[in-house]
**Q** 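Dropping the structure in here first, questions after.
No experiment lies behind these values; they were computed from the predicted model shown.
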Amino acid sequence: MSEIRFGVVGLGMGHNRAKLIARTAGARLVAVCDLDEARCRRTAEETGCEWTQDYDELLARSDIDVVQVMVPSGMHAKFGIQAAQAGKHVVTTKPIEVTLDAADRLIAACAAAGVMLAVDFEYRYIPEVAVVKEAIDQGLFGRLVLGEVSLKWHRPQSYYDNGWRGTWAFDGGGSLMNQTVHDIDVLAWFMGRPKRVWGHMSVNTHQIETEDLGMAMIEFESGAKGRVLGTTTYPVSRPVIKEVHGERLGASIVGAELEWFAPDGVAAPQLVYDGPRNIVEDVVAALQNGTQPLVTGAEGRRSLELIQAIYESARTQRVVELSL
């Protein structure tokens, strides 16, 4: 496949993804779809693609290879399964879905149709994040001890007044599922399989169904520990902090700034990331080379399972054991 042809459904955040596709080598944006005609026209005018308000019409096109699903989180399975059954490869934005049952149905539908399923966890393509993962894989940290992620952002009430954010049905949660999911994905990518979770969630400054502050302590299969904090109650948005350390090395990423912490006499790693820089580059390369994307459906399911365990623990006020 010399050129990978994309369609995008959902033009809220999908507007930016459509522009990313349009400027990525090896990709071509064919058409976009949204119920809102003004959104369709805006994206089509800015990218030079075609548009439709009819999703079935988008799926019927033979000149689309991949459908990027950018609708509310609780609708990813519905739209993704339709795309798979139409023979299209599927890319969902994060999270893969809001329930494990829905995620499993989407994964199964893509497998049955013989199409690729990728999940857009954009932090994995940040060079500073990727080189920490490479250092972990090379054993440069030694035995991992602790991984932590902290997201302190501000979201006004108006952010939640669009009808789906902050709802269990369509957002799947609040500050953990919507905002901190990227960082929880990175934490699990760094630390490995989670074994045991204690969680807390609360609503503090917003009128929403779900949490605007969530926390968790995690024990991983390796014996390493983890800590998660995600909130949209902070007066202003601060850079996200991701930290990990082992017996021999530590690393801290604040925003996109990486700092290594090594004992005296130990040189910091000199690693260079040369992989894809975004989901579109990743999907194009995977389809052209017959390989897997960085975040498959099964990989995308892992962060959802961890967040669901945090929520279950918070609701029951009990430690939750995850199946290994």
**Q** Going through the checks in order, is the salt bridge (charged side-chain N to carboxylate O under 4.0 Å, His left out) test met by E122 and R17?
**A** CA-CA 11 Å; E122 59 190 26; R17 282 296 179 267; 2.5 Å; yes
**Q** Any non-hydrogen side-chain atom of L213 less than 4.5 Å from a side-chain atom of M201?
**A**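 With C-beta onward as the side chain, the pair stays apart.
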**Q** Is it possible for you to say whether L11 and W164 belong to one hydrophobic cluster, with membership spreading through side-chain heavy-atom contacts below 4.5 Å?
**A**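 L11 clusters together with W164.
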**Q** Output yes when a side-chain donor or acceptor of T316 lies under 3.5 Å from a complementary backbone atom of E312, and no otherwise.
**A**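 Pair found, side chain donor or acceptor close to backbone of E312.
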**Q** Could you tell me whether the side chain of Y273 and the main chain of P276 form a donor-acceptor pair under 3.5 Å?
**A**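 Yes, because the side chain of Y273 sits within donor-acceptor range (under 3.5 Å) of the backbone of P276.
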**Q** Any chance the side chains of T167 and E209 put a donor and an acceptor closer than 3.5 Å?
**A**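 Absent: no donor and acceptor within the cut-off.
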**Q** Mark yes or no for whether H89, through its side chain, and L117, through its backbone, hold a donor-acceptor pair below 3.5 Å.
**A**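 The answer is no, because no donor-acceptor pair under 3.5 Å joins these two groups.
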**Q** Quick one: do E299 and R302 satisfy salt bridge (charged side-chain N to carboxylate O under 4.0 Å, His left out)? Show the steps, please.
**A** CA-CA 5 Å; E299 185 76 359; R302 182 168 65 169; 2.9 Å; yes
**Q** Should the pair D34-R39 be classified as a salt bridge under the 4.0 Å nitrogen-to-oxygen rule?
**A**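 Salt bridge between D34 and R39, a charged N being under 4.0 Å from a carboxylate O: yes.
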**Q** For E305 and R301, run salt bridge (charged side-chain N to carboxylate O under 4.0 Å, His left out): C-alpha distance rounded to whole Å, both residues' side-chain angles, the deciding distance at 0.1 Å, then the answer.
**A** CA-CA 6 Å; E305 183 178 22; R301 185 187 188 278; 3.7 Å; yes
**Q** With a 4.0 Å cut-off, would you call E46 and R42 a salt bridge?
**A**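 Answer for the salt bridge query: yes.
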**Q** Start with the C-alpha distance between F170 and V98, add both sets of side-chain angles, then the distance that settles side chain to side chain contact (heavy atoms under 4.5 Å, CB included), and finish with yes or no.
**A** CA-CA 7 Å; F170 295 107; V98 301; over 6 Å; no
**Q** Take V66 and V283 through the test side chain to side chain contact (heavy atoms under 4.5 Å, CB included) and record every step on the way to the result.
**A** CA-CA 9 Å; V66 180; V283 169; 4.3 Å; yes
**Q** Step through the shown structure and confirm whether more than 12 heavy atoms of other residues, nucleotides or ligands are within 6.0 Å of NZ on K133.
**A**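 Result for NZ/K133: enclosed.
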**Q** Find out if a path of hydrophobic residues (ILVMFWY) with successive side-chain heavy-atom gaps under 4.5 Å connects L229 to I307.
**A**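 The answer is no; the residues belong to distinct hydrophobic clusters.
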**Q** Taking CD in Q138 as the centre, count heavy atoms belonging to other residues, nucleotides or ligands within less than 6.0 Å. Is the count above 12?
**A**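 More than 12 heavy atoms, drawn from other residues, nucleotides or ligands, come within 6.0 Å of this atom.
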**Q** Is the ring pair Y55/F79 parallel, tilted or perpendicular, if the boundaries are 30 and 60 degrees?
**A**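 Aromatic pair Y55/F79 classed tilted.
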**Q** So which atom in A18 and which in T43 form the shortest heavy-atom distance, rounded to 0.1 Å?
**A**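 Smallest heavy-atom distance, with atoms named: CB-CG2, 3.6 Å.
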**Q** Do the two ring centres, one from H182 and one from F121, sit under 6.0 Å apart?
**A**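 Yes.
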**Q** Using a strict 4.0 Å threshold on nitrogen-to-oxygen distance, state whether D63 and R5 make a salt bridge.
**A**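 R5 and D63: not salt-bridged.
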**Q** Does any non-hydrogen side-chain atom of V295 lie less than 4.5 Å from one of D120?
**A**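 Sidechains of V295 and D120: no contact.
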**Q** For the CE atom of M13 and the CD atom of Q68, what is their distance to the nearest 0.5 Å?
**A**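 Going from CE on M13 over to CD on Q68, the span is 10.5 Å.
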**Q** Tell me, please, whether W189 has R124 positioned over its six-membered ring: NZ or CZ under 6.0 Å from the ring centre and within 45 degrees of its axis?
**A**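 That pair qualifies as a cation-pi contact.
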**Q** If you measure from the Lys or Arg side-chain nitrogens to the Asp or Glu carboxylate oxygens, is any gap between R196 and E221 under 4.0 Å?
**A**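 Between E221 and R196 there is no salt bridge, as every charged N stays at least 4.0 Å from the carboxylate O atoms.
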**Q** What closest approach, in Å, do M116 and A286 show between heavy atoms, and which atom pair accounts for it?
**A**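 Smallest interatomic distance, heavy atoms only, reads SD-CB, 4.1 Å.
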**Q** Assess the residue pair H76 and V90 against the criterion (side chain to side chain contact (heavy atoms under 4.5 Å, CB included)); give the C-alpha distance rounded to whole Å, side-chain angles, the decisive distance to 0.1 Å, and a yes or no.
**A** CA-CA 10 Å; H76 289 175; V90 179; over 6 Å; no
**Q** Is there a side chain to side chain contact (heavy atoms under 4.5 Å, CB included) between W168 and Y311? Walk through the geometry before answering.
**A** CA-CA 11 Å; W168 291 111; Y311 287 154; 3.7 Å; yes
**Q** Test D183 against K242 for salt bridge (charged side-chain N to carboxylate O under 4.0 Å, His left out), laying out the working first.
**A** CA-CA 7 Å; D183 310 286; K242 293 178 273 289; 3.1 Å; yes
**Q** Among I4, V8, L29, L58, which residue meets the side-chain contact (heavy atoms from CB on, under 4.5 Å) test with I64?
**A**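 Single pass found, and it is L58.
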**Q** Near R315 CZ, under 6.0 Å, is it more than 12 heavy atoms from other residues, nucleotides or ligands?
**A**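 Yes.
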**Q** Test your reading of the model: is there a side-chain donor-acceptor pair from T180 to the backbone of S175, 3.5 Å cut-off?
**A**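 Here the side-chain-to-backbone pair exists.
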**Q** Do V254 and L151 belong to the same hydrophobic cluster, where Ile, Leu, Val, Met, Phe, Trp and Tyr are linked whenever their side-chain heavy atoms lie under 4.5 Å apart, directly or via other members?
**A**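 No; L151 is not reachable from V254 via cluster members.
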**Q** More than 12 heavy atoms of other residues, nucleotides or ligands under 6.0 Å from CG of L100: yes or no?
**A**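 Yes - once you tally the heavy atoms of other residues, nucleotides and ligands closer than 6.0 Å, there are more than 12.
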**Q** Taking the side chain from D171 and the backbone from G174, do they hold a donor-acceptor pair closer than 3.5 Å?
**A**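 No; zero donor-acceptor contacts below 3.5 Å.
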**Q** Does the separation of the ring centres of W153 and Y159 fall below 6.0 angstrom?
**A**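 Between W153 and Y159, the centre distance exceeds or equals 6.0 Å.
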**Q** Using modelled atom types only, decide if a donor and an acceptor are shared between the side chain of Q317 and the backbone of A314 within a distance under 3.5 Å.
**A**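 Yes; at least one donor-acceptor contact below 3.5 Å.
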**Q** Between D212 (side chain only) and T205 (backbone N and O only), is there a donor and an acceptor less than 3.5 Å apart?
**A**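 Yes; at least one donor-acceptor contact below 3.5 Å.
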**Q** When clusters are formed by joining ILVMFWY residues with side-chain heavy atoms under 4.5 Å apart, either directly or through shared neighbours, do L249 and L187 land in the same one?
**A**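 L249 clusters together with L187.
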**Q** Hey, is the main chain of A285 close enough, under 3.5 Å, to the side chain of N289 for a donor-acceptor pair?
**A**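 Present.
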**Q** Ignoring hydrogens and geometry, is there a side-chain-to-backbone donor-acceptor pair from S313 to G199 under 3.5 Å?
**A**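 Judged by distance alone, yes, a pair lies under 3.5 Å.
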**Q** Quick one: does T210's side chain have a donor or acceptor within less than 3.5 Å of a partner on G166's backbone?
**A**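 Yes, T210 side chain to G166 backbone: donor-acceptor pair under 3.5 Å.
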**Q** Measuring from atom CG of L271 to atom CG of L140, what distance do you get when rounded to the nearest 0.5 angstrom?
**A**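 Here the rounded value is 6.5 Å.
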**Q** Around atom CG of D137, are there more than 12 heavy atoms from other residues, nucleotides or ligands closer than 6.0 Å?
**A**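 Counting neighbours around CG of D137, more than 12 heavy atoms of other residues, nucleotides or ligands fall under 6.0 Å, so yes.
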**Q** Looking only at the aromatic ring of each residue, does the gap between the centers of Y234 and H154 stay below 6.0 angstrom?
**A**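 No, the ring of H154 stays outside the 6.0 Å limit from the ring of Y234, centre to centre.
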**Q** Do L59 and V71 share a hydrophobic cluster, counting only Ile, Leu, Val, Met, Phe, Trp and Tyr and linking them when any side-chain heavy atoms are less than 4.5 Å apart?
**A**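 Yes, L59 connects to V71 through the hydrophobic network.
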**Q** Quick one: does NZ or CZ of R227 land under 6.0 Å from the six-membered ring centre of W198, within 45 degrees of the ring axis?
**A**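 Geometry flag: not set, cation outside 6.0 Å or 45°.
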**Q** Would you mind checking if R61 and E57 are paired as a salt bridge, meaning a charged N to carboxylate O distance below 4.0 Å?
**A**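 Salt bridge between E57 and R61, a charged N being under 4.0 Å from a carboxylate O: no.
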